[in-house]
Every structure is written in structure tokens, then in C-alpha cells.
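By convention here, the first residue in the shown sequence is residue 1.
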Amino acid sequence: MGRRMGVTDDADGRFLRLFEDLEAQASGRDLHERLGEFSDLVAGEAADHALADRLAGAVGHRITVTSAGVRFTGRLATAARTWVALALEGGGEVLVSAAHIDDLRVESCSHAQPQETLSIASPLRRWREERVPCAVAAVSAVGGARTIVGLLGVVAVDYVEILETEGRDAGRGRADAPGRGLLVPIAKIAFVRPETRML
């Protein structure tokens, strides 16, 4: 009789473990399905956002961005639809064209609508008015980038005039005297950085 009880207890234990195992498998399938649904929701949500939205959600956070082969790290100060402004670690600032971002690392996963609607020409016009010498990195159609240093002259709808201060007599021209500098299409500008050492 005792033997039979042991056999029954052992069989009951095996059935109990089998049911627990089946329940765990069912639980795992449910979790996997929920995770899959969550993943689909995340993918669907991300499909509705652009890079500008991700960057707008990171304003105030530390980011690292590479443009024309140059890496910048700092606090994201402004995120517009077509450009960003960083307050650089160690001082200074830089404007980076979104069209010429090679890659970036962002600490925030938030999304938001960009508050700044003006083009990159707007901060460039401010630096022109303040007569801030700038390093302008312009990309070429064949690859690579060239940096032109000088005062900003005319800042038009789709081009910027740079009154060069390195290697040209045009640098002696005044920012309010158009026609003396190098013209660079805004679409070719990768980034612009004030050259405070020249002030």
C-alpha cells in the first residue's frame, strides 16, 4: 500500500511538473506575443517620426554628431528641421546642416516637434551682423570637404558669401561690400563654426 502511494505521489509529481511546464510555455508564448506587439507598436511609432523629431526631443541633452568627417560633442541647443546648433564642450558653438550629418549619438529617446522653423540662414545672418569670423565647411560633389575661414558677407536665400581672411586679399573687404568674396551654396554647407581665436 505504501508502495502504491509512493508510485501515485511520484506520478502526481510528474503530472504537476508537466502542467507547470506547459503553463510556463504558455506564459512564455504570451509574453513573446506581447513583446512582438510592443515591438510592432514601437516600429509603427518610429515610422511616423523623422530625424528632426528625434533631435528636437534631445534639446538640452549631450549629443555627438559627425559632419564632413569632423566629430562634435556638446549640448544640443537648437534643433530645427534642417539644422542643429550645439554648445560645444570646452566652449564655442557649431551649426550643423542635417543634410550633411554622417552619424550621431543621442542620449535621449524622446521625440518632439522642432520649435525652430527658420532656415540655417537665420543664425548665419546674426553672425554676419555681429561680424563674427566663421569656419565654413563646404562639401564637394566628388567627396571631401573644404573649410573656408572669413567673415560672412551676403547671406541670401540659397547661398552665402564668405569674405576670406586666410590666403586671399578679399579678406580685406567689408562684410557690407558684396561682390568681393567666395560664394558657397547653402545646400553644400556641412557646418559653420565661429572662429573666436580670430576675434
Out of curiosity, does Leu55 fall in the hydrophobic cluster containing Leu86 (side-chain heavy atoms, cut-off under 4.5 Å, transitive links)? yes

Do the non-hydrogen side-chain atoms of Cys109 and Arg54 ever get within less than 4.5 Å of each other? yes

Determine whether Arg62 and Thr73 make a side-chain contact, defined as any pair of heavy atoms from C-beta on separated by less than 4.5 Å. yes

Mind checking whether Arg131 and Leu151 have side chains closer than 4.5 Å, heavy atoms only? yes

Any Lys/Arg nitrogen of Arg193 or Glu195 sitting under 4.0 Å from an Asp/Glu carboxylate oxygen of the other? yes

Using 4.0 Å as the upper bound for N to carboxylate O, is an ion pair formed by Arg75 and Glu89? no

Could you tell me whether the side chain of Asp102 and the main chain of Ala68 form a donor-acceptor pair under 3.5 Å? yes

Identify whether Ile101 and Val192 are in the same connected component of the hydrophobic contact network (ILVMFWY, side-chain heavy atoms under 4.5 Å). no

Which one of Val149, Leu152, Val160 satisfies the side chain to side chain contact (heavy atoms under 4.5 Å, CB included) criterion with Val136? Leu152

Donor-acceptor pair, Arg128 side chain versus Gly153 backbone, under 3.5 Å? yes

Distance col, row Glu129:CD vs Leu124:CG, nearest 0.5 angstrom, shows 12.0 Å

Could you go through the side-chain contact (heavy atoms from CB on, under 4.5 Å) check for Tyr159 and Val154 one step at a time? CA-CA 8 Å; Tyr159 74 90; Val154 175; 3.9 Å; yes

Closer than 3.5 angstrom, by distance alone: can the side chain of Arg81 be matched with the main-chain N or O of Pro114 as a donor-acceptor pair? no

Polar side-chain atom of Trp83 near backbone of Ala121 as donor-acceptor pair, under 3.5 Å: no

Quick check against the 3.5 Å criterion: does His100 have a side-chain atom that pairs as donor or acceptor with the backbone of Ala187? yes

Return the OG to NZ distance between Ser97 and Lys188, rounded to the nearest 0.5 Å. 11.5 Å

Look at atom CZ of Arg71 and say whether more than 12 heavy atoms of other residues, nucleotides or ligands are closer to it than 6.0 Å. no

Do Leu118 and Ile186 land in one hydrophobic cluster if side-chain heavy atoms of ILVMFWY residues count as linked below 4.5 Å? no

Is there a continuous path of hydrophobic side-chain contacts, each under 4.5 Å between heavy atoms, that joins Ile162 to Leu95? yes

Which heavy-atom pair separates Ala52 from Ala80 by the least distance, and what is that distance? CB-O, 4.0 Å

Provide the closest heavy-atom pair for Val84 versus Ala79 in the form atom of the first, atom of the second, distance. CG1-CA, 4.1 Å

Pairwise distance CG(Leu76) to CD1(Ile63) - rounded to 0.5 angstrom: 4.5 Å

Establish whether Val132 and Phe191 are linked, either directly or via other cluster members, by ILVMFWY side-chain heavy-atom contacts under 4.5 Å. no

Check step by step if side-chain contact (heavy atoms from CB on, under 4.5 Å) holds for Thr66 and Leu104. CA-CA 6 Å; Thr66 306; Leu104 53 91; over 6 Å; no

